[in-house]
Amino acid sequence: MLSKSKYIRGANCHKSLWLYVHKKEEQAYSEATMAVFGRGINVGAQAQQYFPNGKLAVLEDYPGYASAKRTQEFIAQGVETIYEATFIFDDTLVAVDILHKENGEWRLYEVKSTNNSYPEYIKDVSIQYYVVTGSGLSLADAFLMNFDRYYVRRGAIEVNKLFTADSIKDKVLLLQEEIKNTLPILKRMLEGDEPIVEMGCQCSSPYTCDFTGYCKSLLPTQNEAPEIFSNTPEIKEAEVRKFVSEIQYPIAHLDFETIMPGVPLFDESRPYQQIPFQYSLHLQEYENGPIRHTHYLAECDINVDPRIGLIEQMIEETKEAKTILVYNITFERTRIKEMMRDFPQYAYVLENIIARMADLIIPFRRKYYHTESMGRRYGIKIVLPILCPELSYDELEIGEGMAASNAFQDLYYCTDAETIAKTREHLLAYCHLDTLGMVKIFEILKMV
Ligand code: SF4
(Lines give C-alpha, C1' and ligand atoms only; values in the text may rest on other atoms or scores of the structure.)
Protein backbone atom coordinates (compact mmCIF):
# COMPACT_ATOMS: atom_id res chain seq x y z
CA MET A 1 0.00 0.00 0.00
CA LEU A 2 1.20 3.53 -0.73
CA SER A 3 1.14 6.37 1.79
CA LYS A 4 1.44 10.15 1.63
CA SER A 5 5.18 10.09 2.15
CA LYS A 6 5.68 7.26 -0.34
CA TYR A 7 3.63 9.11 -2.96
CA ILE A 8 5.64 12.31 -2.44
CA ARG A 9 8.88 10.33 -2.64
CA GLY A 10 7.82 8.47 -5.79
CA ALA A 11 6.44 11.56 -7.50
CA ASN A 12 9.86 13.18 -7.02
CA CYS A 13 11.91 10.14 -8.08
CA HIS A 14 10.69 6.63 -8.96
CA LYS A 15 13.99 5.11 -7.90
CA SER A 16 13.82 6.69 -4.46
CA LEU A 17 10.44 5.07 -3.83
CA TRP A 18 11.62 1.73 -5.22
CA LEU A 19 14.71 1.78 -2.97
CA TYR A 20 12.58 2.79 0.03
CA VAL A 21 10.33 -0.23 -0.51
CA HIS A 22 12.89 -2.83 -1.67
CA LYS A 23 16.31 -1.71 -0.36
CA LYS A 24 15.57 0.29 2.78
CA GLU A 25 18.89 -0.77 4.30
CA GLU A 26 20.59 1.65 1.86
CA GLN A 27 18.75 4.65 3.34
CA ALA A 28 20.93 7.12 5.24
CA TYR A 29 19.51 10.20 6.95
CA SER A 30 21.63 13.30 7.43
CA GLU A 31 21.80 14.87 10.90
CA ALA A 32 19.89 17.88 9.53
CA THR A 33 17.03 15.62 8.40
CA MET A 34 16.88 13.94 11.81
CA ALA A 35 16.68 17.37 13.46
CA VAL A 36 13.78 18.32 11.16
CA PHE A 37 11.93 15.09 12.09
CA GLY A 38 12.27 15.85 15.80
CA ARG A 39 11.10 19.41 15.28
CA GLY A 40 8.05 18.22 13.30
CA ILE A 41 6.86 15.99 16.15
CA ASN A 42 7.02 18.81 18.75
CA VAL A 43 5.31 21.29 16.47
CA GLY A 44 2.50 18.85 15.62
CA ALA A 45 1.63 18.55 19.32
CA GLN A 46 1.59 22.36 19.67
CA ALA A 47 -0.57 22.79 16.59
CA GLN A 48 -3.20 20.38 17.94
CA GLN A 49 -3.93 23.00 20.59
CA TYR A 50 -5.16 25.26 17.76
CA PHE A 51 -8.23 22.98 17.90
CA PRO A 52 -8.11 21.68 21.48
CA ASN A 53 -9.91 18.65 22.98
CA GLY A 54 -9.75 16.56 19.81
CA LYS A 55 -9.40 12.78 19.70
CA LEU A 56 -6.26 11.02 18.51
CA ALA A 57 -6.99 8.40 15.88
CA VAL A 58 -3.51 6.90 15.85
CA LEU A 59 -2.57 4.80 18.82
CA GLU A 60 -0.71 1.51 18.56
CA ASP A 61 -0.43 1.33 14.75
CA TYR A 62 1.06 4.33 13.07
CA PRO A 63 -1.03 4.95 10.93
CA GLY A 64 -2.74 1.80 9.76
CA TYR A 65 -5.99 -0.08 9.40
CA ALA A 66 -6.89 0.25 13.10
CA SER A 67 -6.37 4.04 12.91
CA ALA A 68 -8.59 4.22 9.82
CA LYS A 69 -11.26 2.20 11.64
CA ARG A 70 -10.99 4.39 14.72
CA THR A 71 -11.30 7.52 12.56
CA GLN A 72 -14.57 6.23 11.11
CA GLU A 73 -15.83 5.46 14.61
CA PHE A 74 -15.00 9.01 15.78
CA ILE A 75 -16.81 10.49 12.79
CA ALA A 76 -19.86 8.30 13.48
CA GLN A 77 -19.78 9.33 17.16
CA GLY A 78 -19.91 13.02 16.19
CA VAL A 79 -16.32 13.88 17.23
CA GLU A 80 -15.56 17.24 15.60
CA THR A 81 -11.76 17.38 15.90
CA ILE A 82 -9.62 14.35 15.06
CA TYR A 83 -5.82 14.34 15.20
CA GLU A 84 -3.98 12.04 12.77
CA ALA A 85 -7.31 11.15 11.15
CA THR A 86 -6.50 8.16 8.93
CA PHE A 87 -8.08 7.26 5.60
CA ILE A 88 -7.52 4.59 2.95
CA PHE A 89 -8.53 4.90 -0.70
CA ASP A 90 -7.08 3.62 -3.97
CA ASP A 91 -4.71 1.38 -1.99
CA THR A 92 -3.20 4.52 -0.43
CA LEU A 93 -3.19 5.49 3.23
CA VAL A 94 -2.90 9.00 4.66
CA ALA A 95 -3.02 10.47 8.16
CA VAL A 96 -4.34 14.03 8.33
CA ASP A 97 -2.67 16.15 11.03
CA ILE A 98 -5.96 17.75 12.05
CA LEU A 99 -9.46 17.10 10.72
CA HIS A 100 -11.90 19.65 12.08
CA LYS A 101 -15.61 20.11 11.61
CA GLU A 102 -16.98 23.64 11.50
CA ASN A 103 -20.58 24.62 10.77
CA GLY A 104 -21.25 21.00 9.83
CA GLU A 105 -18.41 20.86 7.24
CA TRP A 106 -15.07 19.05 7.49
CA ARG A 107 -11.79 20.85 6.94
CA LEU A 108 -8.32 19.34 6.62
CA TYR A 109 -5.24 20.96 8.22
CA GLU A 110 -1.64 19.98 7.40
CA VAL A 111 0.90 21.31 9.91
CA LYS A 112 4.39 22.33 8.82
CA SER A 113 7.15 23.38 11.17
CA THR A 114 8.32 26.29 9.05
CA ASN A 115 7.40 29.92 8.57
CA ASN A 116 7.19 29.54 4.79
CA SER A 117 4.63 27.93 2.45
CA TYR A 118 6.93 25.94 0.19
CA PRO A 119 5.35 24.74 -3.09
CA GLU A 120 6.08 21.09 -2.27
CA TYR A 121 3.67 21.29 0.67
CA ILE A 122 0.80 21.64 -1.82
CA LYS A 123 1.50 18.07 -2.97
CA ASP A 124 1.34 16.85 0.64
CA VAL A 125 -2.10 18.30 1.11
CA SER A 126 -3.26 17.24 -2.37
CA ILE A 127 -2.64 13.52 -1.83
CA GLN A 128 -4.44 13.75 1.51
CA TYR A 129 -7.37 15.52 -0.10
CA TYR A 130 -7.49 12.85 -2.85
CA VAL A 131 -7.61 9.96 -0.37
CA VAL A 132 -9.98 11.59 2.15
CA THR A 133 -12.55 12.65 -0.43
CA GLY A 134 -12.10 9.40 -2.38
CA SER A 135 -12.90 7.45 0.77
CA GLY A 136 -16.23 9.25 0.92
CA LEU A 137 -15.73 12.20 3.28
CA SER A 138 -16.55 15.53 1.71
CA LEU A 139 -14.08 18.33 2.52
CA ALA A 140 -15.16 21.98 2.50
CA ASP A 141 -11.57 23.21 2.60
CA ALA A 142 -7.89 22.26 2.93
CA PHE A 143 -5.42 24.35 4.88
CA LEU A 144 -1.70 24.58 5.36
CA MET A 145 -0.73 25.57 8.89
CA ASN A 146 2.59 27.35 9.37
CA PHE A 147 4.21 29.50 11.96
CA ASP A 148 3.24 33.14 11.66
CA ARG A 149 6.62 34.79 11.15
CA TYR A 150 5.30 38.02 12.72
CA TYR A 151 4.18 36.40 15.95
CA VAL A 152 6.05 37.76 18.97
CA ARG A 153 5.95 35.74 22.16
CA ARG A 154 4.88 37.72 25.23
CA GLY A 155 4.09 35.39 28.10
CA ALA A 156 2.61 31.93 27.46
CA ILE A 157 2.48 30.76 23.84
CA GLU A 158 -0.79 31.80 22.18
CA VAL A 159 -1.28 28.92 19.78
CA ASN A 160 -3.95 30.75 17.77
CA LYS A 161 -1.46 33.53 17.06
CA LEU A 162 1.63 31.33 16.68
CA PHE A 163 0.12 29.52 13.67
CA THR A 164 -1.57 30.80 10.56
CA ALA A 165 -3.83 28.61 8.48
CA ASP A 166 -4.06 29.39 4.77
CA SER A 167 -6.60 27.77 2.48
CA ILE A 168 -4.91 26.07 -0.48
CA LYS A 169 -7.95 24.19 -1.74
CA ASP A 170 -7.82 25.82 -5.20
CA LYS A 171 -4.25 24.62 -5.76
CA VAL A 172 -5.04 21.20 -4.31
CA LEU A 173 -7.94 20.69 -6.72
CA LEU A 174 -5.65 21.35 -9.68
CA LEU A 175 -3.48 18.36 -8.70
CA GLN A 176 -6.24 15.79 -8.21
CA GLU A 177 -6.15 14.44 -11.78
CA GLU A 178 -2.37 14.18 -11.72
CA ILE A 179 -2.50 12.16 -8.49
CA LYS A 180 -5.12 9.83 -9.91
CA ASN A 181 -2.90 9.15 -12.93
CA THR A 182 0.38 8.90 -11.00
CA LEU A 183 -0.69 6.37 -8.34
CA PRO A 184 -1.11 3.39 -10.75
CA ILE A 185 2.19 4.26 -12.44
CA LEU A 186 3.99 4.16 -9.08
CA LYS A 187 2.34 0.88 -8.11
CA ARG A 188 3.35 -0.76 -11.43
CA MET A 189 6.87 0.61 -11.08
CA LEU A 190 7.20 -0.97 -7.62
CA GLU A 191 6.40 -4.40 -9.04
CA GLY A 192 9.31 -4.20 -11.49
CA ASP A 193 13.09 -4.16 -11.16
CA GLU A 194 15.06 -1.26 -9.75
CA PRO A 195 14.39 1.62 -12.14
CA ILE A 196 17.24 3.34 -13.92
CA VAL A 197 17.21 7.03 -12.99
CA GLU A 198 20.14 9.39 -13.47
CA MET A 199 21.09 11.60 -10.58
CA GLY A 200 19.96 15.18 -11.06
CA CYS A 201 18.31 18.12 -9.36
CA GLN A 202 15.64 15.80 -7.86
CA CYS A 203 18.38 14.42 -5.56
CA SER A 204 18.72 17.68 -3.65
CA SER A 205 15.42 19.48 -4.25
CA PRO A 206 13.02 19.88 -2.55
CA TYR A 207 14.92 17.67 -0.05
CA THR A 208 18.28 15.96 -0.02
CA CYS A 209 17.46 12.37 -0.92
CA ASP A 210 18.33 9.82 1.74
CA PHE A 211 19.60 7.41 -0.95
CA THR A 212 22.19 9.84 -2.29
CA GLY A 213 25.06 7.75 -0.89
CA TYR A 214 23.73 4.61 -2.56
CA CYS A 215 23.20 6.28 -5.95
CA LYS A 216 26.63 7.91 -5.84
CA SER A 217 28.21 4.53 -5.13
CA LEU A 218 26.79 3.28 -8.45
CA LEU A 219 28.41 6.05 -10.47
CA PRO A 220 31.40 4.98 -12.57
CA THR A 221 34.67 5.82 -10.79
CA GLN A 222 36.59 8.63 -12.38
CA ASN A 223 40.16 7.69 -13.18
CA GLU A 224 41.22 11.22 -13.97
CA ALA A 225 43.54 12.75 -11.39
CA PRO A 226 41.66 15.28 -9.25
CA GLU A 227 42.36 18.89 -10.11
CA ILE A 228 44.82 20.40 -7.63
CA PHE A 229 44.28 24.02 -6.71
CA SER A 230 47.13 26.13 -5.47
CA ASN A 231 47.24 27.69 -1.99
CA THR A 232 49.80 30.27 -3.11
CA PRO A 233 48.21 33.66 -2.49
CA GLU A 234 47.80 36.40 -5.05
CA ILE A 235 47.98 39.57 -3.01
CA LYS A 236 46.98 43.14 -3.84
CA GLU A 237 49.39 44.62 -1.34
CA ALA A 238 48.16 48.22 -1.38
CA GLU A 239 44.56 47.20 -0.77
CA VAL A 240 45.46 44.78 2.05
CA ARG A 241 47.64 47.42 3.75
CA LYS A 242 44.89 50.01 3.45
CA PHE A 243 42.39 47.57 5.03
CA VAL A 244 44.78 46.79 7.89
CA SER A 245 45.64 50.45 8.48
CA GLU A 246 41.97 51.29 9.01
CA ILE A 247 41.65 48.76 11.85
CA GLN A 248 42.33 50.63 15.07
CA TYR A 249 43.47 49.18 18.39
CA PRO A 250 42.21 48.03 20.84
CA ILE A 251 40.66 45.28 18.70
CA ALA A 252 37.93 42.91 19.89
CA HIS A 253 37.53 39.83 17.67
CA LEU A 254 33.91 38.77 18.16
CA ASP A 255 31.82 35.80 17.06
CA PHE A 256 28.24 34.76 18.00
CA GLU A 257 26.55 31.37 18.06
CA THR A 258 22.77 31.19 17.85
CA ILE A 259 19.83 28.85 18.24
CA MET A 260 16.68 29.07 16.07
CA PRO A 261 13.76 27.55 17.97
CA GLY A 262 10.64 27.18 15.81
CA VAL A 263 8.32 27.72 18.75
CA PRO A 264 9.71 30.84 20.46
CA LEU A 265 11.23 29.94 23.82
CA PHE A 266 11.54 33.47 25.17
CA ASP A 267 9.51 36.65 25.38
CA GLU A 268 10.26 39.14 22.61
CA SER A 269 11.22 36.47 20.11
CA ARG A 270 9.63 35.14 16.93
CA PRO A 271 9.39 31.70 15.25
CA TYR A 272 12.83 30.67 14.01
CA GLN A 273 14.42 33.91 15.14
CA GLN A 274 18.16 33.49 15.64
CA ILE A 275 18.80 33.87 19.36
CA PRO A 276 22.46 34.46 20.32
CA PHE A 277 23.43 32.24 23.25
CA GLN A 278 27.22 32.36 23.08
CA TYR A 279 30.10 34.55 22.01
CA SER A 280 33.84 34.30 21.95
CA LEU A 281 36.01 37.39 22.21
CA HIS A 282 39.74 37.81 21.69
CA LEU A 283 40.98 41.23 22.83
CA GLN A 284 44.22 42.92 21.88
CA GLU A 285 44.81 46.37 23.34
CA TYR A 286 47.74 47.43 21.19
CA GLU A 287 49.75 46.20 18.25
CA ASN A 288 51.84 43.12 19.16
CA GLY A 289 50.37 43.29 22.66
CA PRO A 290 49.11 40.29 24.62
CA ILE A 291 45.84 38.74 23.54
CA ARG A 292 43.20 38.01 26.14
CA HIS A 293 40.31 35.63 25.59
CA THR A 294 36.87 35.83 27.19
CA HIS A 295 33.57 34.20 26.37
CA TYR A 296 29.89 34.12 27.18
CA LEU A 297 27.92 30.88 27.21
CA ALA A 298 24.38 31.08 28.56
CA GLU A 299 23.12 28.72 31.22
CA CYS A 300 20.83 26.05 29.75
CA ASP A 301 17.79 27.28 31.63
CA ILE A 302 14.65 27.57 29.55
CA ASN A 303 13.35 30.24 31.94
CA VAL A 304 16.27 32.57 31.31
CA ASP A 305 16.62 34.46 28.04
CA PRO A 306 20.27 34.01 26.99
CA ARG A 307 20.33 37.38 25.25
CA ILE A 308 20.15 39.60 28.33
CA GLY A 309 23.31 38.21 29.94
CA LEU A 310 25.04 38.18 26.56
CA ILE A 311 24.18 41.81 25.83
CA GLU A 312 25.33 43.07 29.23
CA GLN A 313 28.61 41.12 29.22
CA MET A 314 29.33 42.05 25.59
CA ILE A 315 28.77 45.75 26.29
CA GLU A 316 31.16 45.57 29.24
CA GLU A 317 33.84 43.54 27.46
CA THR A 318 33.89 45.57 24.25
CA LYS A 319 33.66 49.03 25.77
CA GLU A 320 37.40 49.81 25.34
CA ALA A 321 37.63 48.42 21.80
CA LYS A 322 37.96 50.93 18.99
CA THR A 323 37.37 48.15 16.44
CA ILE A 324 35.08 45.20 16.87
CA LEU A 325 36.22 42.79 14.21
CA VAL A 326 33.76 40.16 12.99
CA TYR A 327 33.88 37.73 10.07
CA ASN A 328 31.02 38.37 7.67
CA ILE A 329 29.43 41.39 9.31
CA THR A 330 25.86 40.78 8.11
CA PHE A 331 25.32 37.99 10.62
CA GLU A 332 26.53 39.73 13.79
CA ARG A 333 25.12 43.14 12.78
CA THR A 334 21.69 41.65 12.07
CA ARG A 335 21.67 39.82 15.42
CA ILE A 336 22.58 43.04 17.24
CA LYS A 337 19.89 45.00 15.38
CA GLU A 338 17.34 42.36 16.41
CA MET A 339 18.46 42.69 20.02
CA MET A 340 18.08 46.49 19.75
CA ARG A 341 14.51 45.97 18.57
CA ASP A 342 13.70 43.38 21.24
CA PHE A 343 15.48 45.15 24.13
CA PRO A 344 15.25 48.88 23.37
CA GLN A 345 16.76 49.71 26.76
CA TYR A 346 20.13 48.61 25.31
CA ALA A 347 19.61 50.09 21.84
CA TYR A 348 21.89 53.10 22.26
CA VAL A 349 24.91 51.09 23.44
CA LEU A 350 24.33 48.31 20.92
CA GLU A 351 24.17 50.87 18.13
CA ASN A 352 27.59 52.02 19.26
CA ILE A 353 28.92 48.45 18.98
CA ILE A 354 27.65 48.27 15.40
CA ALA A 355 29.32 51.61 14.63
CA ARG A 356 32.69 50.16 15.69
CA MET A 357 32.37 46.92 13.70
CA ALA A 358 34.65 46.02 10.79
CA ASP A 359 34.49 42.94 8.57
CA LEU A 360 37.51 40.65 8.28
CA ILE A 361 36.02 38.88 5.25
CA ILE A 362 36.52 41.95 3.03
CA PRO A 363 40.14 41.28 1.93
CA PHE A 364 39.11 37.80 0.80
CA ARG A 365 35.74 38.62 -0.72
CA ARG A 366 37.29 41.50 -2.71
CA LYS A 367 40.23 39.25 -3.66
CA TYR A 368 42.87 41.50 -2.11
CA TYR A 369 44.21 38.22 -0.74
CA HIS A 370 43.23 35.24 -2.84
CA THR A 371 44.26 31.66 -3.56
CA GLU A 372 43.00 29.32 -6.29
CA SER A 373 41.84 26.91 -3.60
CA MET A 374 39.42 29.51 -2.19
CA GLY A 375 37.58 29.69 -5.49
CA ARG A 376 34.59 31.87 -4.70
CA ARG A 377 34.22 30.72 -1.12
CA TYR A 378 35.39 33.10 1.57
CA GLY A 379 33.85 31.75 4.78
CA ILE A 380 36.17 31.37 7.74
CA LYS A 381 35.92 27.56 7.47
CA ILE A 382 37.51 27.88 4.00
CA VAL A 383 39.98 30.70 4.58
CA LEU A 384 41.36 29.65 7.97
CA PRO A 385 42.68 26.18 7.00
CA ILE A 386 44.35 27.72 3.93
CA LEU A 387 46.07 30.51 5.86
CA CYS A 388 46.65 28.62 9.12
CA PRO A 389 46.62 24.86 8.44
CA GLU A 390 47.66 24.24 12.05
CA LEU A 391 44.23 25.46 13.23
CA SER A 392 41.72 22.80 12.30
CA TYR A 393 38.01 22.36 12.95
CA ASP A 394 38.40 18.66 12.13
CA GLU A 395 39.71 17.81 15.57
CA LEU A 396 36.72 19.37 17.35
CA GLU A 397 33.64 17.48 18.54
CA ILE A 398 31.54 20.44 17.38
CA GLY A 399 32.96 21.80 14.14
CA GLU A 400 30.28 23.99 12.57
CA GLY A 401 27.55 26.45 13.52
CA MET A 402 24.51 24.21 12.98
CA ALA A 403 26.01 21.49 15.17
CA ALA A 404 26.68 24.10 17.90
CA SER A 405 23.12 25.36 17.63
CA ASN A 406 21.60 21.85 17.86
CA ALA A 407 23.92 20.87 20.72
CA PHE A 408 22.96 23.89 22.82
CA GLN A 409 19.25 23.55 22.12
CA ASP A 410 19.39 19.86 23.15
CA LEU A 411 20.84 20.91 26.51
CA TYR A 412 17.54 22.55 27.46
CA TYR A 413 16.06 19.05 27.71
CA CYS A 414 19.12 17.27 29.08
CA THR A 415 19.45 16.36 32.76
CA ASP A 416 22.71 14.40 32.67
CA ALA A 417 25.34 16.59 34.34
CA GLU A 418 28.26 14.92 32.56
CA THR A 419 26.68 15.36 29.11
CA ILE A 420 25.91 18.99 29.90
CA ALA A 421 29.48 19.67 31.07
CA LYS A 422 31.05 17.96 28.05
CA THR A 423 28.76 19.69 25.55
CA ARG A 424 29.54 23.07 27.09
CA GLU A 425 33.27 22.30 26.80
CA HIS A 426 32.83 21.41 23.11
CA LEU A 427 30.82 24.59 22.48
CA LEU A 428 33.49 26.74 24.12
CA ALA A 429 36.25 25.05 22.11
CA TYR A 430 34.38 25.60 18.83
CA CYS A 431 33.56 29.28 19.31
CA HIS A 432 37.07 29.93 20.71
CA LEU A 433 38.61 28.61 17.48
CA ASP A 434 36.51 31.00 15.39
CA THR A 435 37.89 34.12 17.07
CA LEU A 436 41.40 32.69 17.52
CA GLY A 437 41.31 32.06 13.79
CA MET A 438 40.36 35.68 13.20
CA VAL A 439 43.33 36.81 15.31
CA LYS A 440 45.68 34.63 13.20
CA ILE A 441 44.15 35.75 9.91
CA PHE A 442 44.54 39.40 10.88
CA GLU A 443 48.19 38.80 11.86
CA ILE A 444 48.86 37.30 8.42
CA LEU A 445 47.23 40.29 6.70
CA LYS A 446 49.39 42.62 8.82
CA MET A 447 52.55 40.94 7.50
CA VAL A 448 51.70 41.85 3.89
S1 SF4 B 1 19.73 10.02 -5.05
FE2 SF4 B 1 18.60 10.94 -6.74
S3 SF4 B 1 18.43 9.38 -8.30
FE4 SF4 B 1 19.01 8.36 -6.40
S5 SF4 B 1 17.08 7.73 -5.53
FE6 SF4 B 1 17.55 9.71 -4.65
S7 SF4 B 1 16.54 11.20 -5.94
FE8 SF4 B 1 16.58 9.27 -7.06
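What's counted below: heavy atoms across the whole structure, side chains too, no hydrogens, waters or symmetry copies. First listed ligand is number 1; within each ligand, the first listed atom is number 1.
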Start with the C-alpha gap between Arg335 and Glu338, add the side-chain angles, then the distance that decides, and say whether salt bridge (Lys or Arg N to Asp or Glu O under 4.0 Å) holds. CA-CA 5 Å; Arg335 302 294 80 80; Glu338 287 163 352; 2.9 Å; yes
Ligand-residue contact atoms, ligand 1 with Ser16, heavy atoms, under 4.0 Å: 5 (S)
Does ligand 1 have a heavy atom under 4.0 Å from the side chain of Cys215, from its backbone, from both, or from neither? side chain
Identify whether NZ of Lys or CZ of Arg in Lys161 sits under 6.0 Å from the centre of the six-membered ring of Tyr151 and within 45° of that ring's axis. no
When you measure from atom 4 (Fe) of ligand 1 to the N, O or S atoms of Cys209, does any of those distances fall below 2.8 Å? no
Using a strict 4.0 Å cut-off to heavy atoms of Thr212, name the atoms of ligand 1 that fall inside it. 1 (S)
For atom 8 (Fe) of ligand 1, closest protein heavy-atom neighbour: Cys13 SG, 2.3 Å
Which residue and heavy atom of the protein sit nearest atom 2 (Fe) of ligand 1, plus the separation: Cys203 SG, 2.3 Å
Looking at Thr86 and Gly64, what are the two nearest heavy atoms and their distance? CG2-O, 3.8 Å
May I ask you to identify the nearest protein heavy atom to atom 3 (S) of ligand 1, giving residue, atom name and distance to one decimal place in Å? Gln202 NE2, 3.6 Å
Any idea which heavy atoms bring Tyr109 and Ala165 closest together, and the distance? CE2-CB, 4.0 Å
Ring centres of Phe89 and Tyr130 under 6.0 Å apart? yes
Single hit among Leu108, Ile88, Asp124, Val131 for side-chain contact (heavy atoms from CB on, under 4.5 Å) with Val94: Val131
